[in-house]
Amino acid sequence: MMRALTGLQKLWDRARRVGALEPRVQSGWHTALDLANLLTVSEAVTRSALERKESRGAHFRDDYPNRDAAFGKVNIVARKQPDGSMQIRREPIPEMPAELKQVIEEMK
């Protein structure tokens, strides 16, 4: 994942030089417009994955193959800051209402 961040930085550097003229002529016009958003989402996903040091659902890490109960109680939230940096933080998940918890327990 660290290699992915390095690769993303290189893509950001290249993306700063991307542009398209004459939208009707260039087929890459929409891609040029979307590139910053695509890179932002890619960086948020990568940094969030680095923060979640466990394996759960579709998120699997060879270096952390097991679940960690602490991560079951938080969401990893990524926010792009005005300076362009990505802030990653853990936000507590509100406790499940008792009636919903009871339904889930009954389904086990």
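Side chains are part of it too, since the values below use all heavy atoms of this structure and drop only hydrogens, waters and symmetry mates. Since we're looking at a predicted model, the values are computed, not measured.
Distance check: Leu39 CG to Asp34 CG gives 10.5 Å after rounding to the nearest 0.5 Å. Note that OG1 of Thr40 and CG of Leu8 are 10.0 Å apart. Values are rounded to the nearest 0.5 Å.
Ile88 belongs to a hydrophobic cluster whose remaining members, ordered by chain and number, are Phe71, Val74, Ile76, Met86; membership requires side-chain heavy atoms of ILVMFWY residues under 4.5 Å apart, directly or through intermediates. The other residues sharing a hydrophobic cluster with Val103 are Met107, where clustering joins ILVMFWY side chains under 4.5 Å apart. By the 4.5 Å side-chain criterion applied to Ile, Leu, Val, Met, Phe, Trp and Tyr, Val45 is assigned to a cluster that also includes Val41.
A salt bridge (Lys or Arg N to Asp or Glu O under 4.0 Å) check over residues 86-96, counting only residues at least two apart or in different chains, returns the pairs Glu51-Arg90, Arg79-Glu91, Arg89-Glu91, Glu95-Lys101. Pairs engaging residues 8-20 under the salt bridge (Lys or Arg N to Asp or Glu O under 4.0 Å) rule: Asp13-Arg16 [sequence neighbours left out]. Under the salt bridge (Lys or Arg N to Asp or Glu O under 4.0 Å) criterion, the residue pairs touching residues 57-70 are Arg61-Asp63, with sequence neighbours excluded.
Proximity of a side-chain donor or acceptor of Ser85 to a complementary backbone N or O of Gln81 within less than 3.5 Å is not detected.
Taking both residues in full, the closest heavy atoms of Pro65 and Phe60 are given as O-CE1, 4.0 Å, listed atom of the first, atom of the second, then distance. Of all non-hydrogen atoms in Ile104 and Met96, the two that sit nearest each other are CD1-SD, 3.5 Å.
The hydrophobic clustering, which links ILVMFWY residues whose side-chain heavy atoms are closer than 4.5 Å, places Leu50 and Tyr64 apart.
Residue-environment remark: NZ (Lys53) exceeds the threshold of 12 foreign heavy atoms within 6.0 Å.
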